Amino acid sequence: MAVTGAGGRVRIRCVPEPLSLLCRVPPLLFVVVVLGLGCEAPEPPATPPPPPDAPPRALTYAVERYDYTFDLTTREARSRLWLDVKEQDEGEGCLSIPAPEGVTGVRWQGGAPTRMRTAEGRLELCGWYEGGPLFLDSQYVVPEATHLSTQVGFSRRPVVGGDFSYLLGWLESCDLFGPCDDAPARLARFTFDVKHASGEVVLCPGRLSRRDETHTRCELLETPAPTYSSFMVASLPAWKRTRLVDSDVALVELYEAPGGLLGPALDAAVMEDFLRWMIARFGPLPYGRELRVASAPTEWLGMEHPANILLRDNLPLLPKDYANMTLHTWMHEVVHQWAGNRTTLASAQDYPWKESVAEYLTYVYEDEHRDGEAASTLAYWDRLARTTSYYLRPADEPAPPFISFVNDIYGSGPMILLLQLESLLGRAPVLAALQSFLAEPGARSIEDLRAALEGASGVSLQRYFETWVDGEGEPDWPFFQVEWREEDALSLTVTQKTTTGTVYPCVVELELQGEAPEQRQRVTVSYGLEPVSATVQTTVPLPPWTVRRVAVDPRSRVVNRRSAGLLREPALIQRRL
C-alpha cells in the first residue's frame with residue numbers, strides 16, 4: 001500500500017495479493033477477482049472505492065516498438081515491447097498478447113507482474129499502471145523449427161560456404177519468437193541487435209550497422225512496418241557484397257556467395273530504371289535509400305522485408321513461368337516495400353490485394369519497358385487463375401486452409417482486382433487508384449481498394465466485386481461460346497456459360513483467324529459493368545479473308561474456362577509464401 005497527499009487530498013493505492021488464476025473474457029480480456037486487500041485509509045477518499053470484487057482494467061494498447069536481441073548461436077532472444085496504452089488513469093491493469101509457451105523473465109515496467117500466466121498461445125499479465133508508455137521485457141529460446149510446410153520460424157540450412165540461418169516471420173506468426181501482436185494490420189518500429197560468430201554476414205530490417213565482428217544492429221525507427229515481414233534475421237558466412245545501383249534514387253547491394261547465379265541475371269540498369277519508375281509514382285523507398293538483395297536457399301521465389309529482399313538462389317534455372325524469372329521476382333518484391341510493408345493488410349483475408357498489386361505493377365512496367373515480357377506474365381496468370389479453387393473473398397464454411405488460400409491467388413488476384421478493370425476502366429484510372437491506395441502508411445482492405453478504384457474511375461464496382469471477388473466453393477468462372485455469320489458484315493454472338501447462371505462484368509477480346517498464319521484480326525466485345533444478358537452481339541466489317549476460327553481471350557486478359565467447365569486443368573506447382 002502507498003499513501004500520498006497533494007493539495008489536502010489523500011490518494012491511496014492498494015496493491016492486491018497475486019491470484020493463482022486469470023480468467024479470460026472475450027475478446028481476450030481478463031476478469032480478476034480481487035481478494036484480501038487489507039488497505040486502510042487515514043480519511044475517506046474523494047472518490048468512493050470500487051467494490052471489493054471489481055476486476056482490474058483490461059488495458060487497451062498498441063505495441064509501438066519492439067527492441068529485439070537475438071543470439072544466432074544459442075537462439076536466445078530478449079525483447080522489450082513499448083506499449084501505447086489508451087487508459088490514462090493509474091491503477092492495476094491487465095493485458096493479453098500472443099506469445100509462445102516457454103517465455104521467461106517477464107517484467108512489467110522493470111518489475112514483476114502482479115499476476116501472469118501463458119495459456120492458449122497468449123501471455124496474460126497484470127501490473128500497476130501509472131499512465132504513459134508501458135514496457136514489457138521477456139526472454140525466450142527460439143526453437144530451431146519451421147511451420148506450415150514453409151521456412152517460417154528459425155532454420156539453418158547447410159550450403160556451400162557455411163550454414164544459411166534464417167529467422168522468418170509471416171502473417172500472424174511473429175509470436176513464434178516472443179511476445180508479439182501478430183495482427184496483420186499492426187505497424188510498429190523495431191530495433192534488432194544480433195549476436196553472432198565472427199565471420200557471419202548478417203542482414204536484418206532497416207538501417208544496418210556492424211558494431212564489431214560479432215554484433216550487427218538494425219534500426220527501423222522512421223517509417224513503421226508490419227510485424228509479418230519485419231521479424232527477419234538472415235545470415236550466411238559466404239555472402240559477399242556487390243554494389244549494383246548507386247544513384248540519386250537508391251543504393252542497391254547484392255549479397256551473394258562467389259559463383260552465385262543472381263548477379264549475372266540482374267541487370268543493374270533495368271533495376272535502377274524500375275526504381276525510378278516506382279518512385280515517380282509512389283514516392284521514395286519507404287525504408288531508406290539502401291536496399292539489400294540477398295541470394296539464399298529459400299523455398300519460395302522471393303520474400304519482402306523492409307529494406308531487404310531475399311531471392312531464391314537458383315531462380316535463373318527455374319522453368320520460365322515469367323519471361324525473366326529473376327528480374328520479375330525482384331521487381332515484385334520491390335513493389336512490396338510500398339504495397340504490403342508501408343501500406344499493409346487490414347486482415348489476413350486481405351492477402352490477395354498485396355500480391356495482386358505487386359504482380360500488376362510489375363506487369364505494367366514490363367508492358368511499357370520490356371518488349372514481349374508482359375505476354376508471358378499474362379499467360380502465367382491466366383493458367384493459374386483457371387485452376388484456382390477459391391474466390392478472392394471465400395465465404396466457404398469452414399474457411400479454406402489459409403496456406404492453400406494464399407497460394408491460390410497469384411493468378412486470379414491480379415487479373416480480377418486490376419487487369420480486368422484496366423480493360424473496363426482504362427489503365428490510367430487503375431494506376432491513379434493505386435497511387436491513392438498506397439499514398440499513406442496504414443492498413444488497407446480489399447474493400448478499400450475497391451473504394452480507391454471507384455474514386456478514380458467515378459463508377460460503381462459493386463456488381464463487379466459481387467460476382468468476381470465474393471463467392472463460395474469452386475469459382476464458377478465463365479466459358480465463352482462464340483458464333484459468327486458472314487453476310488455484308490461479320491456478325492458475332494458471344495454467350496457466357498456458367499453453372500450458376502452468373503453473368504460476369506467484363507471485356508472479352510476475340511481473335512478472328514483465317515487459313516494463313518498472318519490472317520488475324522482482333523475484336524473486342526464488352527459486357528460492361530452492369531450486364532443485362534449473358535449474350536452480346538456485335539457487327540464488324542468483313543475481313544478480306546474467310547474466318548475459319550475465333551479464339552477467345554488470345555492475350556489472356558480475362559479469367560475464363562477453356563472448356564465448358566466439365567474438366568479441370570491440373571493446378572501448377574507453386575512456390576510462394
Side-chain angles (χ1 to χ4, degrees), residues 352 356 375-396 400 408-424 461 463-486 490-514 520-540 547-572 574:
S356 299
S376 296
T377 296
L378 295 188
Y380 183 52
W381 291 356
D382 189 38
R383 175 74 188 279
L384 290 176
R386 294 200 308 271
T387 59
T388 191
S389 299
Y390 308 105
Y391 285 90
L392 296 182
R393 281 195 299 211
D396 302 61
D408 205 45
I409 53 84
Y410 283 83
S412 57
M415 291 188 75
I416 289 171
L417 291 178
L418 297 163
L419 179 70
Q420 293 180 173
L421 287 169
E422 181 183 281
S423 297
L424 284 160
L461 297 177
R463 172 79 174 273
Y464 183 90
F465 274 67
E466 286 176 350
T467 52
W468 283 108
V469 176
D470 300 312
E472 182 179 357
E474 182 181 322
D476 186 24
W477 302 144
F479 167 72
F480 293 95
Q481 181 178 3
V482 182
E483 299 174 350
W484 68 94
R485 186 176 67 255
E486 296 185 21
L490 182 68
S491 297
L492 293 160
T493 301
V494 183
T495 304
Q496 285 192 39
K497 301 283 188 178
T498 60
T499 303
T500 59
T502 301
V503 181
Y504 289 86
C506 61
V507 170
V508 184
E509 199 172 66
L510 308 174
E511 185 175 78
L512 312 180
Q513 301 176 355
R520 299 287 188 270
Q521 179 180 323
R522 287 181 185 159
V523 176
T524 298
V525 175
S526 179
Y527 282 83
L529 289 169
E530 299 285 347
V532 296
S533 172
T535 299
V536 294
Q537 295 179 323
T538 190
T539 301
V540 300
V547 177
R548 298 300 186 190
R549 292 170 298 277
V550 177
V552 175
D553 191 31
R555 295 192 299 161
S556 303
R557 295 187 62 85
V558 63
V559 178
N560 66 98
R561 300 292 190 202
R562 290 295 192 241
S563 68
L566 300 178
L567 297 175
R568 289 290 306 277
E569 296 178 56
L572 293 179
Q574 299 175 48

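Just so it is clear, the model here is predicted, and its values are computed rather than measured.
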Is there a side-chain contact between C506 and Q496, using heavy atoms and a 4.5 Å cut-off? yes
Before giving the answer on side-chain contact (heavy atoms from CB on, under 4.5 Å), spell out for T493 and V482 the whole-Å C-alpha distance, their side-chain angles and the decisive distance to 0.1 Å. CA-CA 6 Å; T493 301; V482 182; over 6 Å; no
Shortest non-hydrogen contact between [X] and [Y], atoms and distance:
X: P505; Y: R463; answer: CG-CG, 3.8 Å
X: S356; Y: P414; answer: OG-N, 3.2 Å
X: G471; Y: D396; answer: O-OD1, 4.0 Å
X: R548; Y: G514; answer: CG-C, 4.1 Å
X: D408; Y: Y390; answer: OD2-N, 3.0 Å
X: D470; Y: R393; answer: OD1-NE, 2.7 Å

Nearest 0.5 Å, what's the [atom1]-[atom2] distance between [X] and [Y]?
X: D382; Y: T377; atom1: CG; atom2: OG1; result: 12.5 Å
X: I416; Y: L421; atom1: CD1; atom2: CG; result: 9.5 Å
X: L417; Y: E422; atom1: CG; atom2: CD; result: 13.5 Å
X: R520; Y: Q513; atom1: CZ; atom2: CD; result: 4.0 Å
X: E530; Y: L461; atom1: CD; atom2: CG; result: 9.5 Å

Working note: N560 + V508, criterion side-chain contact (heavy atoms from CB on, under 4.5 Å); need CA distance, chi angles, decisive distance, verdict. CA-CA 10 Å; N560 66 98; V508 184; over 6 Å; no
Does CZ belonging to R549 count more than 12 external heavy atoms closer than 6.0 Å? yes
Steps toward side-chain contact (heavy atoms from CB on, under 4.5 Å) verdict (I409, T388): CA-CA 7 Å; I409 53 84; T388 191; 5.5 Å; no
Parallel, tilted or perpendicular: which fits the ring planes of W477 and Y391, with parallel below 30° and perpendicular above 60°?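 Plane angle over 60°, so perpendicular.
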Please walk me through it: do D476 and T502 pass side chain to side chain donor-acceptor pair (under 3.5 Å)? CA-CA 8 Å; D476 186 24; T502 301; 4.7 Å; no
Closer than 4.0 angstrom, basic N to acidic O: yes or no for E509 and R557?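 Between R557 and E509 there is no salt bridge, as every charged N stays at least 4.0 Å from the carboxylate O atoms.
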Can you name the one residue among F480, F479, W468, Y464 that meets ring pair (Phe, Tyr, Trp, His ring centres under 6.0 Å) with Y504? W468
Using modelled atom types only, decide if a donor and an acceptor are shared between the side chain of R561 and the backbone of R386 within a distance under 3.5 Å.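 Yes: the side chain of R561 pairs with the backbone of R386.
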Could you give me the CA-CA distance, side-chain angles and deciding distance for L492 and L512, then say whether side-chain contact (heavy atoms from CB on, under 4.5 Å) is met? CA-CA 10 Å; L492 293 160; L512 312 180; 4.2 Å; yes
